[in-house]
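Because only heavy atoms are used, hydrogens play no part in the values below, and waters and symmetry mates are left out as well, while side chains stay in. Numbering of residues begins at 1 and proceeds along the displayed sequence.
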Amino acid sequence: GQVLLAYLDESELKEYLQVAEFERFTESTVTRQQLRSKVQAIRRDGFSLNFDGITRGVTSAAFPVFDNTGKLACVLSAGGPAERFAESQEVIVVATRAAAAELSRMLGYMGPPSEPARSTA
């Protein structure tokens, strides 16, 4: 969901932040106050890592998939148990980025190639 929000225009994001209800699922669930900086990080980095955000012990990496017009078509994510994810985070991030880029190409996206994945762990 955070990657979807990162590709909204500023007015849509502002409206969402004003009206959305935020529910706390875990201690790591992003709050309304944290979401703005999380969205900025996703825009900068091109993907999101989520640690225990909705389910304790689950980690995921999410990447945008673009259509032939360059608009966000969907988001591709890979997730799993945090312990196993941490062991293979770099591989998972690289593979998920590549799969999202391939899906974008299949949808006709001709934008710039993805940069190499950067792990934050």
| note | side chain to side chain contact (heavy atoms under 4.5 Å, CB included) filter on L103, not counting sequence neighbours, yields V65, L76, M106
Which heavy atom of [X] sits nearest a heavy atom of [Y], and at what distance?
X	Y	value
S104	P64	OG-O, 4.3 Å
T29	G53	OG1-O, 2.5 Å
R56	E27	NH2-OE2, 2.7 Å
S28	D52	CB-O, 3.6 Å
L49	Q89	CD1-NE2, 3.4 Å
K38	Q2	CE-OE1, 2.7 Å

| When you look at CD of Q34, are more than 12 heavy atoms from neighbouring residues, nucleotides or ligands closer to it than 6.0 Å? | yes
| said: Applying salt bridge (charged side-chain N to carboxylate O under 4.0 Å, His left out) to R84 and E87, what does each step give before you reach the verdict? | reply: CA-CA 5 Å; R84 290 195 335 225; E87 294 169 0; over 6 Å; no
| query | Do R24 and T31 touch side chain to side chain, with heavy atoms closer than 4.5 Å? | reply | yes
| field | Common cluster, F63/I42, ILVMFWY with side-chain heavy-atom separation under 4.5 Å | value | no
| query | Should side-chain heavy atoms under 4.5 Å link Ile, Leu, Val, Met, Phe, Trp and Tyr, which residues sit in the same cluster as V39? | reply | L5, L8, L13, Y16, L17, F22, V30, L35
| Side-chain donor-acceptor contact under 3.5 Å, S48 with N50 | no
| query | Which residue pairs pass the ring pair (Phe, Tyr, Trp, His ring centres under 6.0 Å) test with at least one member in residues 66-87, sequence neighbours excluded? | reply | Y7-F66, F66-Y109
| said: Could you walk me through whether E10 and R36 satisfy the salt bridge (charged side-chain N to carboxylate O under 4.0 Å, His left out) test, starting with their C-alpha distance in whole Å, then the side-chain angles of each, then the deciding distance to 0.1 Å, before giving a yes or no? | reply: CA-CA 11 Å; E10 282 302 314; R36 170 59 75 176; 2.9 Å; yes
| If you measure from CG on L4 to CG on L72, what distance do you get to the nearest 0.5 Å? | 6.0 Å
